[in-house]
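Right, one structure below, let's go through it.
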Amino acid sequence: MSKSLFLEKKRVIELVPRAPFNFDATMHKPDHFPSADNEWKPGIRWQTMLWQKVPLGLKFEKRGTIDEPRISLSIWSRDELSRGFLDNLTDEINYRYNLQLDLNKFNRRFKDDPQLGAVINRWKGMRPMNYSSLYEYLIIAIVLQNATVRRSVNMMQALFENYGTLLLYNGKELYCFWEPKVINRATEQELRDLKIGYRAKSIKRVTEAIVRGGINEFELRKKSKEEQRKALLGLYGIGPASVGYILFDVFHHMDELNYISPWKQKIYSKLFFDTEPDEPVSTDRLLEFFKERFGKYRMLAVHYIWEDLFWKRKNGAIEWLEKLIRL
DNA sequence: CATCAGGGCCCTG
DNA sequence: CAGGGCCCTGAT
């Protein structure tokens, strides 16, 4: 079973996102499955983070306004953190959370779009947000595959309980990810005993690739999208659906949209063509449509409309949608 | 009770 | 490039 750690040192720093910045729509994605490494309520997000092998408890708090945004970031740790470490961490958080993404061109270009215009208006300053390292995201992607949401939640929880570290800070108890080498030492059978099924093999092999250094997040950030895609597809258990998520969320390619899974096909068809779920528009046609209408911003545009839908759902069930998402 | 498909991917033919 | 198998779970 996992260990737990009380974090008693606290530092507070200020982050300055590029305006416009919408705190809640960035810090909470209602379509993401709940995970024991974070918690959100309006104006605050708690998030654990393993950075340079140091487990951290983060708390982001909303300050300022959409047009003059600030974030107060409190950082809990077991030991005192150096200035250099904090600077480094700040850069990483700016990168992962897309805090410096310039949305102005996107906003101007689509403010009058019949469908996207109103959504941009509602969620001005929202950006895609990823809190994970590449390795952590790969694990999440694997856990999502061929499973219902509930099952993904259970698998992730079992992994945290067995390999993660429970962090106690700010009155919260949240799990922090493990170092890859921890799972590299585990056997496939140990993983299978957590009821993750055949995914055990994928997790072992992806972890091994990371530990060996065969795939390096920081090197990959410098490469082209197609080089990144090729490297990711080379990982056992990582296919086009997972790679699509990673290229957008982890590597921030706002135009990465060239694979649509069957369940999303039905939802996109309804959203953009108002078709019935049993007669969805072909994925080829959907992809052409997105490309033509949203150009290099196509995944960002779809993200806006997708999140808008799930915020609506959070505030009251949407009947047609409930049938299409397996919980 | 049995059967089945699911927020994919690998492997085979 | 189509289709079967994979772990387990909740739905039927």
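Chain letters run A, B, ... following the sequence lines, proteins first and then strands; every chain starts at 1. Everything numeric here is computed off the predicted structure, so don't read it as measured data.
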Subject >> Presence of A:Lys264 side-chain N/O under 4.0 Å of B:dG7 phosphate oxygens OP1/OP2 >> reply: no

Original post:
Please give, in whole Å, the distance from B:dC9 P to A:Ile142 CD1?
Top reply: 10 Å

Original post:
To the nearest Å, how far apart are A:Ile203 CD1 and B:dC9 P?
Top reply: 14 Å

Original post:
NA contact type, A:Pro262, heavy-atom cut-off 4.0 Å: base, sugar-phosphate, or nothing?
Top reply: nothing

Original post:
If you pin A:Gly237 and A:Lys266 to their nearest nucleotides in DNA chain B, which one's is more 5'?
Top reply: A:Lys266

Original post:
Salt bridge or not for A:Lys204 and A:Glu208, using N-O below 4.0 Å?
Top reply: no

Original post:
Checking all strands, does A:Ile140 fall into the base, sugar-phosphate, or nothing category for heavy-atom contacts under 4.0 angstrom?
Top reply: nothing

Original post:
What is the distance from CG of A:Leu233 to C1' of B:dG8, rounded to the nearest Å?
Top reply: 12 Å

Subject >> A:Trp311-A:Trp123 aromatic ring centre distance below 6.0 Å >> reply: yes

Subject >> Protein-nucleotide distance (A:Ile246, atom CD1; B:dG7, atom P), rounded to Å >> reply: 19 Å

**OP:** Return yes if some donor-acceptor pair links the side-chain N/O of A:Ser242 with the main-chain N/O of A:Ile238 below 3.5 Å, else return no.
**Re:** no

Original post:
Are A:Phe310 and A:His32 near enough that their ring centres are under 6.0 Å apart?
Top reply: no

**OP:** Could you check how far CH2 of A:Trp306 sits from P of B:dG7, rounded to whole Å?
**Re:** 11 Å

**OP:** Tell me the partner of C:dA2, counting only Watson-Crick (N1-N3 plus N6-O4 or O6-N4) or G-U wobble (N1-O2 and O6-N3) with both under 3.5 Å; none if nothing fits.
**Re:** B:dT12

Original post:
So, is A:Ser242 near the phosphate of B:dG8, with a side-chain N or O under 4.0 Å from OP1 or OP2?
Top reply: no

Subject >> Whole angstrom value for the distance that separates C1' of B:dC9 from NZ of A:Lys204 >> reply: 20 Å

Subject >> Closest to side chain of A:Trp263, choosing from C:dT9, B:dG7, B:dG8 >> reply: B:dG7

Original post:
Within less than 4.0 Å of OP1 or OP2 of C:dC7, is there a side-chain N or O belonging to A:Arg199?
Top reply: no

Original post:
Okay, side chain of A:Arg199, backbone of A:Gln145: is any donor-acceptor separation there less than 3.5 Å?
Top reply: yes

Original post:
So what does A:Phe33 hit on the nucleic acid, given a heavy-atom distance under 4.0 Å: a base, only sugar-phosphate, or nothing?
Top reply: nothing

Subject >> Out of C:dC6, B:dC9, B:dG7, whichever nucleotide has its closest atom nearest the side chain of A:Tyr198 >> reply: C:dC6

**OP:** Rounded to whole angstrom, note down the P distance from B:dC11 over to B:dG7.
**Re:** 23 Å

Original post:
How long is the line joining CG of A:Asn154 and C1' of C:dC7, in whole Å?
Top reply: 13 Å

**OP:** Would you indicate which nucleotide in B:dC10, B:dG6, C:dC8 comes nearest to any side-chain atom of A:Tyr236?
**Re:** B:dC10

Subject >> Axial cation check for A:Phe33 ring with A:Arg151, 6.0 Å and 45° limits >> reply: no

**OP:** Round to the nearest Å and state the distance from A:Met156 atom CE to C:dC8 atom P.
**Re:** 18 Å

Original post:
Which nucleotide sits closest to the side chain of A:Ser261: B:dG6, B:dG8, C:dA11?
Top reply: B:dG8

Original post:
Taking the same atom, C1', in C:dG10 and in B:dC9, what whole-Å distance lies between them?
Top reply: 23 Å

